[in-house]
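Side chains included, hydrogens not; waters and symmetry mates left out as well; all remaining heavy atoms used. Per chain, numbering begins at 1; letters A, B, ... match sequence-line order.
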Amino acid sequence: MHSDFLKPYDHLQEKDVYSSWEKSGYFSPEKLQTLKSKSPKKPSSIGNWKLEIDNFCIVMPPANANGSLHVGHAVMVAVEDLMVRYWRMRGKKTLWLPGADHAGFETQVVFEKKLEKEGTSRFEILQKEHGRQELYKRIWDFTQENKSHMEHQVRQLGASCDWTRETFTLDPAVVSTVYDTFKKLYDDGLVYRATRIVNWCTKHQTSLSDLEVAWEQRTDKLYLVQYKRADGHGHITVATTRPETIPGDVAIAVHPDDKRFASWVGMQVINPITGNAMPVIADKAVDKDFGTGALKITPAHDPVDFEVGQRHKLEAIKTIDFNGRFNMLAGPFAGMKVAEAREEAVKILEKNGALERMEEYTHQVGVCYKCKNTIEPMILPQWFIDLTSPAAKKKIVQPAINAVKKGTIKIFPAFQEKIFFHWMNNIRDWNISRQIVWGIPIPAWFRKTKAGIISNDQFPISNKDAKEEVYIGKEKPKGDGWIQETDVFDTWFSSGQWPFATLLAQDAAHSKFETQNSKLKRSDFKEFYPTSVMETGYDILFFWVARMIMLGLYRTGTVPFKTVYLHGLVRDKDKQKMSKSKGNVVDPLGVVEQYGADALRMALIVGNSAGQDVAYDEDKVRGYRNFSNKLWNIARFVISHAEKERDVEKVTLTPEDKKLLLQCAVVKKKVAVNIEKYRFSQAAEEAYHYVWHTFADKIIESKKEILNKEAPSITDVKKQVSARRALYELLVQSISMLHPFMPFVTEGIYQRLPAKDKDFLMIEEW
RNA sequence: GGACGCUUAGCUCAGCUGGUUAGAGCGCUUCGUUUACACCGAAGAGGUCAUAGGUUCGAAUCCUAUAGCGUCCACCA
């Protein structure tokens, strides 16, 4: 027996196994294919069923290069690797393409926290000369460090992905693809730049998309404020939660059908803080039944008011600056922060006798999903992807909906399709501008053609007469006066193109190489697009999956993947969400050190069905660690007996032993079917149960008597030989069917089999 | 205000298109074992499948309500 076939099983061998896999080159599809064509394998004992497609491709969700892996990544690796390994063993040309995401805003947030700890800030660096470049460079180095750390971690989890194809969202080829998409959208009139009210985070000083706004329930005050009529006859009362924005009021709106206020429309009222006169207008956005039925209009600081303002051509008076501080236009509140100004507003209103009363009021407040600071709606010129015009519906939105409706893309679990449809049917324009440095710069240039200031300024609305020329392109256009856009893309705009961007990036890299060696022609895009499966967490269905479907169809005319598998989120033992602040975060690599990647992977797969959250339990991991050891000892036993039989290949099996092989084949087929139907938990349990409770507990136990028989008769010897052969075959089948789930221990056993012409279990026939 | 998911053994969960005594892991109880494995083996206890109706020859499984838990979406100031 192998000298290192020791007990108990030592999962520390995992590292050596991984590096031998990687060295073999079998993670790359072409090496695999060469091998298969050289020595076509004989049909396996369970019979081959025909493959409907001959390649299999997963593009790995690129991990954010701003920290280390968490258990969610471990689930992702476990599930994807199991599919990839299964299909590779089934003989498909298999590609699993790894990557990393620069993760724009998220990464900058993490980096800014780091800066805070160092006693500085992003804004301090930006004030320096070339501050922007310096900050970018520092974040770049930070992500590169994280990236290599994460690659190491993904290896430890056993991912059989092709590292030679690893792609980063900031690789030049990816950026180039992203620019092409932007240009195409622009040329098709589906991207526009407009001054709109956007979600502004005053801490991070960037706008956010609607998806990046979290909602918190808060109990505040509802202030009922009186606006006197300019002619001195009576007043109209409005309800507001934000009296501090009154200096920015430009009108009072009532519902057009509201009889109570019919006579008021067109009259002037007096702003109770500034004393300015403003009109009463009628607009259907007003809810007659809420508050007093009259709404104050502050176009610069409220999304509804902004729309009303646009409809009625009202001025937007911007009284709050990017820091969330009131400016000169805010009169008495100038220099104050929101909370302070609110108190001051109450004082002033009370003094003026304009505050009718206050009520307790519970409502939802939008906050930055990262720092939880209240979102300050802010007017800014931003780039948007049009998803609401008829043209956009036809060219972008509807094709995506249809693909899922028709089943060109299947989503597991199926109920997520409903959620997808609902979101798609109510989709809004997508703000893709971010006022941060970490990201792909928006390739736009401006030049003013008339008096006025560039609209990337504090008071865009009041300068709406300024005419400017816009140029979209990678390089600065010819001519004088061009100023480059400073905003960068929302990170999801680039990752939304990930399936085709990564495959095209391979082609770009390869075509350079090809000129030197024309034999190596290949096109990953042609060969692997659309990809087979997109596997990720259901929490990014809108952020990522929906965008990939839309942009994939838009750019390539083809869906980016045929199947979406959404795994559940890992929670702690008590089903609580894992978070650093709760201190219940599980470090997957710590678990790997202690119990082995195989054990962790099994624990994350069994009991985890699509879309349903899983509770992480260390006892469960320990249980599968025990299983690794069990399997190892099965192998020790079987191999020690098989070695007595030098000639295991040429043996006639007894009818009973033939039956055992058949029974195993049935189980293996069930496992296969479950994998193909995305019922991974069942597949894993099936294999586990067979190996432990049938193979080990029943079959091996029943063979011990005959195997240990002293002075066997001739028939006994025949039985012994048959038993050794059968057990050996069952062991081979067992490690093969467990390999997608527990790659390390199974490969470790395979390498110790007393067989000739071994290569790797990883590429053995399933 | 909408929508979705969950509710099955002490705990965590399977149970696909409805069909014999409802399953697994962990835990628990009892017993066993120096020769594949104590990271083990054998035996066992434990469930009115959330509640109430309905469809059916037959329902944990389909339908309708209700309750509890959870999640997502939504511009009522």
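- Of the candidate nucleotides B:G41, B:C4, B:G15, B:G15 has the atom lying nearest to any side-chain atom of A:Gln682.
- As rounded to whole Å, 16 Å separates atom C1' of B:A14 from atom NZ of A:Lys677.
- For A:Arg679, the side-chain atoms get nearest to B:C16 when compared with the rest of B:G25, B:C39, B:C16.
- Remark: A:Arg547 qualifies as a cation-pi partner of A:Trp430 under the 6.0 Å distance and 45° angle criteria applied to the six-membered ring.
- An OP1 or OP2 oxygen of B:A14 is reached within less than 4.0 angstrom by a side-chain nitrogen or oxygen of A:Ser609.
- For A:Asn626, taking side-chain heavy atoms from C-beta onward, the closest of the listed nucleotides B:C40, B:C16, B:C37 is B:C40.
- In this structure, A:His689 does not reach the B:G23 phosphate: none of its side-chain N or O atoms is under 4.0 Å from OP1 or OP2.
- Rounded to whole Å, atom C1' of B:C39 lies 11 Å from atom OH of A:Tyr595.
- Nucleotide B:A77 forms no Watson-Crick or G-U wobble pair with any nucleotide shown, as no partner meets the under 3.5 Å limit on both distances.
- Side chain A:Lys630 to base B:C37: a donor-acceptor pair is found below 3.5 Å.
- Comparing A:Asn608 and A:Glu685 by the nucleotide of RNA chain B that holds the closest heavy atom to each, the one mapping nearer the 5' end is A:Asn608.
- Contact of A:Glu701 with B:A36 (side chain to base): a donor-acceptor pair of N or O atoms is detected under 3.5 Å.
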Can you check each nucleotide of nucleotides 70-77 of chain B against protein heavy atoms at under 4.0 Å and return B for base, S for sugar-phosphate only, - for none, in 5' to 3' order? --SSBBBB
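- Panel note: side chain A:Arg601, backbone A:Pro740; a donor-acceptor pair is recorded below 3.5 Å.
- The side chain of A:Trp692 contributes no N or O atom lying less than 4.0 Å from OP1 or OP2 of B:C37.
- The nucleotide whose nearest atom lies closest to any side-chain atom of A:Gln612 is, among B:G25, B:A14, B:C26, B:A14.
- Taking atom P in both B:G27 and B:C39, one finds a spacing of 12 Å when rounded to whole Å.
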